[in-house]
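None of the values given here were measured: they were computed from a predicted structure. Sequential numbering from 1 along the given sequence is applied to the chain's residues.
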Amino acid sequence: MEGTVQDVVIVGAGIAGLTTSLGLYRLGVPSLVLESSDTLRITGYALMTWTNAWRALDAVGIGDSLRQQHEQIYGIVTTSLITGRQTSDMSFKAEAKFANHEIRRVKRNLMLEALAKELPSGTIRYSSKVVSIEESGFLKLVHLADGTILKTKVLIGCDGVNSVVGKWLGFKKPAFTGRSAIRGCSESKSCHEFEPKFMQFFGNGVRYGALPCDDKAVYWFFTWTPTSQAEKEQEDNPSKMKQMVLRKLEKLPYQVKVYIENSEVDGFISAPIRYRRPWELLWGNISKGNVCVAGDALHPMTPDLGQGGCTALEDGVTLARCLAEALSGKAKGRNRRER
């Protein structure tokens, strides 16, 4: 493999990386995906998939299998943690211009497994940490931690917010919003009684949300701004973090709060919320020759938008189509015809 020139090397076997690889495979273009971990990275619990995400999932052929495993969400209800009153109730059943809305909370591990299952054996190379990138004429030399050097015609960085490829392109580290998040997914032995709606609670500087993934699993999240030194210091202590979350959500209805109480303490890990400033995308180098980035490596965003995973899927489908066309020579032929 080391002496072979790869058509496409993708760094990172996350949502963007696997979608790009599968999209290329569907169009007859092989790729090699480098993953630093020794298995698929299935952390992250679940992600919101809106209509644009389902179009991308359908494009690579795994939409229907994921639909069968996840409940559709039909609305969003917002409630004040201060007054306990409901402030809004919005339906997702309105018809869009080209299709009806489709929103589900999809377990991240099931999505990654579905993407990886469709790829040919050997497409994903695990325990392959990229440490540096070097130019060799038109080709790129990808140096791995084990000393391997791979040659590729196209290099795509789908390696998250701390992207090695993004750093090579000149991207700055994503900015810290000042807020942190804790996420969890609680499984019950029997079916829960939640309506298929997204429940949000606001007040006193925190935001909490919960919604069903299927008939037994409920995903929840908690975001807040650490204001005191004590709160900042306890972020590394899961037990204290759980106590803090329950304390700040003491007015939460019990049927919702119980899912936090039943969540394992080890899951209460605080993560800083980061994003890339829009002008860095407008004025920066999102690509350089035959190198580009996608997903969180390109546009990390806050969870408020509910589009992080959706845009990663769209990135993968769009990149695959453009690359397949370019590598097959169709783009060159089309340009000649247009002249």
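Salt-bridge formation is detected for the pair Arg67/Asp64: a Lys NZ or Arg NE/NH1/NH2 atom is positioned less than 4.0 Å from an Asp or Glu carboxylate oxygen. Residues Lys167 and Asp159 are not paired through a salt bridge, judged by the lack of any N-O separation under 4.0 Å between the basic side chain and the carboxylate. Remark: Arg26 engages Glu118 in a salt bridge, criterion side-chain N to carboxylate O under 4.0 Å. Salt bridge Asp304/Arg207: present, at least one basic N to carboxylate O contact under 4.0 Å. Salt bridge Lys140/Glu134: absent, no basic N to carboxylate O contact under 4.0 Å.
Between the side chain of Asp315 and the backbone N or O of Gly295 there is at least one donor-acceptor pair closer than 3.5 Å. Under a 3.5 Å cut-off, the side chain of Asn290 and the backbone N or O of Phe138 do form a donor-acceptor pair. With hydrogens and angles disregarded, a donor-acceptor distance shorter than 3.5 Å links the side chain of Lys257 to the backbone of Glu250. Side-chain atoms of Thr19 never come within 3.5 Å of backbone atoms of Leu313 as a donor-acceptor pair (strictly under, hydrogens ignored). Although no hydrogens or angles enter the test, the distance criterion places no donor-acceptor pair under 3.5 Å between the side chain of Ser21 and the main chain of Gly17.
Side-chain heavy atoms closer than 4.5 Å link hydrophobic residues (I, L, V, M, F, W, Y) into clusters, and following such links, possibly through other members, connects Leu246 to Phe268. Cluster membership for Ile273 and Val206, using ILVMFWY side-chain heavy atoms within less than 4.5 angstrom, is not shared.
Nearest heavy atom pair, residue Ser270 against residue Ile182, reads CA-CG1, 4.0 Å. In this structure, Cys158 and Ile10 approach most closely via the heavy-atom pair SG-CG2, 3.9 Å. In this structure, Leu27 and Arg321 approach most closely via the heavy-atom pair CD1-CA, 3.8 Å. Taking each heavy atom of Ser31 and Thr123 in turn, the nearest pair found is O-CG2, 3.5 Å. Listed here is the closest heavy atom pair of Leu281 and Ile286: O-CG2, 3.8 Å. Contact detail for Gln72 and Glu102: the closest heavy-atom pair is NE2-CA, 3.9 Å.
Judged purely by distance below 3.5 Å, without hydrogens or angles, the side chains of Ser263 and Trp220 pair a donor atom with an acceptor atom. Lys248 and Asn204 share no side-chain donor-acceptor pair at under 3.5 Å. Using modelled atom types and a 3.5 Å distance limit, the side chains of Asp146 and Thr148 yield a donor-acceptor pair. Counted by atom type alone, Arg125 and Ser128 present one or more donor-acceptor pairs between their side chains at under 3.5 Å. Counted by atom type alone, Glu187 and Asn262 present zero donor-acceptor pairs between their side chains at under 3.5 Å. Side chains of Ser180 and Trp224: no donor on one and acceptor on the other come within 3.5 Å.
No side-chain heavy atom of Thr79 sits less than 4.5 Å from a side-chain heavy atom of Gln200. With contacts defined as side-chain heavy-atom distances shorter than 4.5 Å, the pair Val130/Leu144 qualifies.
Taken to the nearest 0.5 Å, the CG atom of Leu155 stands 12.0 Å off from the OG atom of Ser287. Separating the OH atom in Tyr74 from the CD1 atom in Ile103 is a distance of 9.5 Å, to the nearest 0.5 Å.
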Could you please spell out the steps behind the salt bridge (charged side-chain N to carboxylate O under 4.0 Å, His left out) verdict for Lys197 and Asp89? CA-CA 10 Å; Lys197 289 187 176 182; Asp89 187 349; 3.5 Å; yes

Glu35 vs Arg41, test: salt bridge (charged side-chain N to carboxylate O under 4.0 Å, His left out). Steps then yes/no. CA-CA 9 Å; Glu35 171 54 46; Arg41 293 175 290 125; 3.0 Å; yes

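Annotation: cation-pi geometry not satisfied between Arg108 and Tyr45 (NZ/CZ under 6.0 angstrom from ring centroid, within 45° of ring axis). A cation-pi arrangement is found for Arg105 relative to Tyr219, the charged atom lying closer than 6.0 Å to the ring centre and inside a 45° cone about the ring normal.
Of the candidates Phe194, Phe222, Phe221, Phe194 is the only one forming a ring-ring contact (aromatic ring centres under 6.0 Å, His included) with Tyr259.
Within 6.0 Å of OH in Tyr25 there are 12 or fewer heavy atoms belonging to other residues, nucleotides or ligands.
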